[in-house]
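Side-chain atoms are counted along with the backbone in the values below, which use heavy atoms only and exclude waters and symmetry mates. Numbers restart at 1 for each chain; the letters A, B, ... are given by sequence-line order, proteins then strands.
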There are 2 protein chains.
Amino acid sequence: MVTLAEVARHAGVSASTVSYVLSGKRSISTSTRLRVEQSIHELGYHPNAGARALASSRSNIIALMIPLRTDMYVPVMMEIAVAVATTARTHGYDVLLLTGEEGPDAVRRVAGSGLADAMILMDVELDDERLPLLRDTAQPSVLIGLPADTSGLTCVDLDFRATGALCVEHLATLGHRDIAVIGEAPAVYERHTGFAERTLDGIRSRARESGIGLLHRPCGGGYDATAATLARILDERPGTTGFVVQNEQAVEPLLALLRQQGRAVPEDVSVIAVCPDQVAVQASLRLTSVSIPAQDMGRQAVERLVAKLDGTGTDEVVLIAPELTVRTSTGPAPSTAV
Amino acid sequence: MVTLAEVARHAGVSASTVSYVLSGKRSISTSTRLRVEQSIHELGYHPNAGARALASSRSNIIALMIPLRTDMYVPVMMEIAVAVATTARTHGYDVLLLTGEEGPDAVRRVAGSGLADAMILMDVELDDERLPLLRDTAQPSVLIGLPADTSGLTCVDLDFRATGALCVEHLATLGHRDIAVIGEAPAVYERHTGFAERTLDGIRSRARESGIGLLHRPCGGGYDATAATLARILDERPGTTGFVVQNEQAVEPLLALLRQQGRAVPEDVSVIAVCPDQVAVQASLRLTSVSIPAQDMGRQAVERLVAKLDGTGTDEVVLIAPELTVRTSTGPAPSTAV
DNA sequence: ATCCATCGTCGAAGCGCTTCACTGAGCTGG
DNA sequence: CCAGCTCAGTGAAGCGCTTCGACGATGGAT
């Protein structure tokens, strides 16, 4: 393993000079800088991460904690994770992957050992048990998702309240008067996942304002669960003409079921989904949807975090505005005459 | 930040003693051990990762490289990643997440900087550009997936050849004489992804042995692509009664299409999929499938790697035997009389 | 009683880097 | 013409840990 000292010797300078060339924290004459860079290249030198971390008390690692609870739609998580990793790299950071197994202890361990300089937490619950720890720690952190109490925290998330409202608004504008929400799995609501509750909130208040009839039913993923949910909804409110789906696993089953029942989309019923664009365009029908900007969330989280690490950047809540893309699954409500 | 020295002072022993208590590399009397452990607990001591890495030249970090090429089925990758992370933790390792962005340079950087002690590579191509680097490096590594030349490498993968054969065998036993393979996206084959080619290999040779007619068509994910692929297949070989699907994104569309065309599954046609169990049971029909043991692959990869790091463990190729679960999507071939 | 292992503990060296304090050399300006 | 800069470079301290060799104290074998 090539060391800094060897590079220094090879270039005929002192170790500190090499270090300064690397970090750029002091001005170095062009000639020596080139010489040092040349030596680094020739010897194939890579600074030792451990030594660096020890001396600078900066590991240049960001911990990413993905609890991966059941019933979460995995591709979104993954997309965020990848966005976090690649954005982090552009800022000179690597990403440490933490899963839920360890629970809050992981926070303590990582903060205590200096393994990571900062952390990003995904899949935050409204009253997450990791939050008190986070507030106590000096370690900068960013949440992806919104807890109930955001004081002293930096959070990045899609504005799910506005998302819910946007969906209802779109359907209302098209003349729908009775809509149903096919939601996430019951477990998601039971554990008070922020995004699910906030979406519902947005939907409810907008529906109330517009005087629209609303039914919300959680729905486990898959065909059978969706079939049961749909049956229940149509049983309770046969007049339902609009569906808001916030559950990627229910999208395709729902479309298949409606088709089977002879209900044409969008002529008879409209369907609007809250899902990644990819799901919306790959479905058997190009779905009108509010997309989940996974990439953007990952990127923003890292950028806030890096800002904090650099001293700029304060605690704040970043809500990404939802964007509705109209595709072919929504249309005017059928006239009641039919 | 509490240091080892403070713990030592608190416990009234020397620093080295504390270190030995932590590592267990020398025998320590029960009384002092307890005293030290007590101090560690009271002070809330966590060993500094950087210092440890520097002194021991072991970071206790495993790098996990996920290129995440297009058209890969993400949930499987994620499941593997999570299995890797949790298994690694049980062995005292953390996981560093590397994406494809950096390409082969990431291997060089991580190996050179001592950031990680070892690496796991996912989504390996038959002739992967990272392999030469890997062979050169002293760094232990394990591949998830099989390249063309496995000499000097440790690999873990599902036995996709056997998987392909198993699928054909199952259909053959049921009397099907003409089968079609709905494969991964064209791009997957173009870049010579090992698992896709090996599955096809297994399917082909088994079909040849059994004198079964075979048609293979790559298929982009989603409804439209699947529709096109299916139409082509039925056009070329109207007598096809069995489908092997190796593309999670085509499963549900295929079922929907068959239904629409009035072809009953499994009475008229049989469908067998190579996919995670979750996909097989959540589909609109409980699918006969060969499951992709993502968890197992992740776990085994880590265990081989840890064995290598411990000095035990040699280069070898671990092929996990495929398991076929018969569900309701396959049945006897319809008699030709019909 | 004596010798040699073994056990439990300590001190110190050093892992490879960053960073602070310092030193000349070369300028500028009064 | 020199005080007072800035600029480039050096040396050394030390980050917190592991680990090696040393050492006194036991204790079993001789």
In whole angstroms, how far is the P atom of D:dC17 from the OH atom of B:Tyr45? 3 Å
Do the side chains of A:Thr99 and B:Arg89 get nearer than 4.5 Å, heavy atoms only? no
So which protein N/O to nucleotides 6-8 of chain C N/O distances come out below 3.5 Å?
residue, atom, partner, partner atom, Å
C:dG8, OP2, B:Ser27, OG, 2.5

Closest to the B:Leu4 side chain: D:dC15, D:dT18, D:dG9? D:dT18
C:dT18, C:dG16, D:dT18: which one has an atom nearest the side-chain heavy atoms of B:Ser56? D:dT18
Please evaluate the base of D:dC20 for a donor-acceptor partner in the side chain of B:Tyr20 within a cut-off of under 3.5 Å? yes
5'-most contact on DNA chain C (nearest-nucleotide basis), B:Thr17 vs A:Ser23, goes to B:Thr17
Here the distance between atom C1' of D:dC17 and atom NE2 of B:His46, to the nearest Å, is 16 Å
Return yes if a side-chain donor-acceptor contact under 3.5 Å exists between B:Asp310 and B:Thr312, otherwise no. no
Establish whether the base of C:dG11 is bridged to the side chain of B:Ser16 by a donor-acceptor pair shorter than 3.5 Å. yes
A:Thr154: which of A:Arg304, A:Glu316, A:Lys308 passes side chain to side chain donor-acceptor pair (under 3.5 Å): A:Lys308
Review item, side-chain donor-acceptor pairs of residues 7-17 of chain B, under 3.5 Å, at least two apart:
residue, atom, partner, partner atom, Å
B:His10, ND1, B:Ser39, OG, 2.8
B:His10, NE2, B:Glu42, OE1, 3.4
B:Ser14, OG, B:Ser16, OG, 3.0
B:Ser14, OG, B:Thr17, N, 3.4
B:Ser14, OG, B:Thr17, OG1, 3.1

So, OP1 or OP2 of D:dT18: does either fall under 4.0 Å of a side-chain N or O from B:Lys25? no
Once you round it to whole Å, what is the distance between C1' of C:dC17 and CD of A:Glu6? 14 Å
Which residue pairs pass the salt bridge (charged side-chain N to carboxylate O under 4.0 Å, His left out) test with at least one member in residues 115-127 of chain A, sequence neighbours excluded? A:Arg58-A:Asp117, A:Arg69-A:Asp123, A:Arg69-A:Glu125
Check for a donor-acceptor pair, side chain of A:Arg108 on one end and backbone N or O of A:Leu133 on the other, with a separation under 3.5 Å. no
Mind calculating the distance between CG (A:Asn48) and C1' (C:dG16) to the nearest angstrom? 6 Å
How is B:Thr3 classified with respect to the nucleic acid when contacts are heavy atoms under 4.0 Å: base, sugar-phosphate, or nothing? sugar-phosphate
Using whole Å, what does the distance between atom C1' of nucleotide D:dT18 and atom CG of B:Leu54 come to? 10 Å
So, the side chain of A:Glu37 versus the backbone of A:Val21: is there a donor-acceptor pair under 3.5 Å, distance only? no
Would you kindly give the CD1-to-C1' distance between A:Ile40 and C:dG16, to the nearest whole Å? 14 Å
Under 4.0 Å from OP1 or OP2 of C:dC17: is there any side-chain N or O of A:Ser19 that close? no
In this structure, how many angstroms lie between the P atom of C:dC15 and the CG atom of B:Asp117, rounded? 19 Å
Between C1' on C:dG16 and CG on A:Leu22, what's the gap in Å once rounded to a whole number? 12 Å
